[in-house]
Asks: 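I am attaching a structure below and will ask some questions about it afterwards.
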There are 2 protein chains.
Amino acid sequence: MPAHHFSEIHTIPFYECDVNNRITIPMLINILILASEHQNEKLGVDQRYLIDKYGIGWVVTSYSIHITKLPQKDMKVEMTTRGTSYNRYFAYREFWLHDEAGNELVKVESIWALMDEKARKITAIADDVIAPYQSEKVRRIPRLPRPDKIEETSQATAKQYRVRWSDIDFNGHVNNSRYPEWMLDALPMTFLNAHEPANIDIRFENEVTYGSMVTSSVVVDSSDNDRIKTVHDITSNDVLSATASIIWKESKAKGND
Amino acid sequence: MPAHHFSEIHTIPFYECDVNNRITIPMLINILILASEHQNEKLGVDQRYLIDKYGIGWVVTSYSIHITKLPQKDMKVEMTTRGTSYNRYFAYREFWLHDEAGNELVKVESIWALMDEKARKITAIADDVIAPYQSEKVRRIPRLPRPDKIEETSQATAKQYRVRWSDIDFNGHVNNSRYPEWMLDALPMTFLNAHEPANIDIRFENEVTYGSMVTSSVVVDSSDNDRIKTVHDITSNDVLSATASIIWKESKAKGND
């Protein structure tokens, strides 16, 4: 039996969009997670159930995001997800975003683990937690590309952020969508207005907590003439919190194209 | 003829909610503005039309927000708005949020003006811009309560914020919902987790721009035993940007009550 697909339609409001009327990367992540939470609910294994019954919760360790075209304000998109495969400790989940004509806009691969909320440690994936997804049990789940590292010798630019109350999720942790927000904001406005991401590989290492200061560093690598790459990291008290590599393309003119 | 009402249904996703699973104040403002934008479109006088034809756009000068109960994650709410009345320079718009049983959750009064985008000056409200709303033409529109001022002698606490790329709206200005975000974040997490706003009066004075540093100051006034009031201002380079008074009530226990 193949893994269960789950789909739903979402209309993108202005407040999920950037200055160019495209969905922001943090909101792209949020709406896809929404679809997976709705699948979890439908299959009877939502967050509240996992916490109440087992004291565990899913945490994402990495995303690989392939963007053909970022949807714009007022567009209706179809969000689809499935829990494709898993092994003893990790689950591989895929997401798709399609326009109304069925064209693929975004494809996301992701790796998840189950965390014991009290011990703050990864636990093995129990069969009855994963069974409803009809995920394939495999020896090895796909490896997502590792983001590049910022070389110690490179000239990084950096901005500082304090973790705000509004960054904290219902589970008491920093919402995962904040890390890419800090990463992107470290780039100049002129760059962000003129470019859009084509590929994002992001990896989460250590969580930051309310009130902490984080440093978002970026190096722009334009050694390849055909494409611009940026390499990012987020650190807090010299502890690495997240890393990412982003491939950019030039942005279309502003407006509802 | 009474002013046109416009209503639509919205389901609140997790990413519009705070740590207590209640909709955040910034998102409350965003979803209500969404309803008014949809009314503008329906009546043929949306933002793009106003800019293209007249070079003007609506700007809000103040909100008075009365909260009976903040809706929670996954709740279906009905957002309603009408352009109630106007005079030569100002328009009075009302908003309501109701639950599925028809109970009023939130009522918002607001004052708007039309700004010439090039001159950055308020312009008189032309008849053909306002006519579609069937708003009542009046000599005086209702006065919203003025937020208190922070006394020079009082012990304010303050936090600093840099205006981020993600704070900038499609119209190139800071999204109005950021001012209450900065205001609330100036309060301690323990306070925010244990209280929720019952009434917010907020007034916008001067816009801040990308890259600016803003200071969010707050004084907690608990001189009245029955209720806690906080008084807020946002300044940038010693210029007043926004002020607010918030009346608080104790928050229900965390969860989906």
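Because only heavy atoms are used, hydrogens play no part in the values below, and waters and symmetry mates are left out as well, while side chains stay in. First the proteins, then the strands, lettered A, B, ... as listed; each starts at 1.
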Asks: Which atoms of B:Gln47 come close to chain A, meaning under 4.5 Å heavy atom to heavy atom: side chain ones, backbone ones, both, or neither?
Replies: neither
Asks: Using non-hydrogen atoms and a 4.5 Å limit, figure out which bit of A:Pro26 sits close to chain B: side chain, backbone, both or neither.
Replies: neither
Asks: Between A:His173, A:Arg164, A:Lys159, which residue shows the highest count of heavy-atom pairs closer than 4.5 Å to chain B?
Replies: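 Ranked by heavy-atom pairs under 4.5 Å with chain B, first place is A:Arg164.
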Asks: In a check of side-chain contact (heavy atoms from CB on, under 4.5 Å) between B:Ile202 and each of B:Ser62, B:Pro180, B:Pro147, which one passes?
Replies: B:Pro180
Asks: Taking atom types as modelled, is there a side-chain donor on B:Asp185 or B:Tyr161 under 3.5 Å from an acceptor on the other?
Replies: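 B:Asp185 vs B:Tyr161: donor-acceptor pair found between side chains.
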Asks: Report which part of A:Leu187 has an atom under 4.5 Å of a heavy atom belonging to chain B: side chain, backbone, both, or neither.
Replies: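 Only the backbone of A:Leu187 comes within 4.5 Å of chain B.
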Asks: Will you find, in the side chains of A:Tyr210 and A:Asp167, an N or O donor that is under 3.5 Å from an N or O acceptor?
Replies: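 No pair is found: no donor N or O on one side chain lies under 3.5 Å from an acceptor on the other.
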Asks: Identify which part of B:Asn175 has an atom lying under 4.5 Å from any heavy atom of chain A, answering side chain, backbone, both or neither.
Replies: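 Side chain of B:Asn175 only, per the 4.5 Å heavy-atom cut-off to chain A.
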Asks: Using distance alone, with no hydrogens and no angle criterion, decide if A:Tyr15 and B:Glu16 have a side-chain donor and acceptor under 3.5 Å apart.
Replies: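 Short answer, yes.
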Asks: Quick one: do A:Glu109 and A:Arg93 make a salt bridge, cutoff under 4.0 Å?
Replies: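 A:Arg93 and A:Glu109: not salt-bridged.
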Asks: In terms of heavy-atom pairs under 4.5 Å with chain A, which of B:Leu184, B:Asn30, B:Ile31 leads?
Replies: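 Option with the top pair count is B:Asn30.
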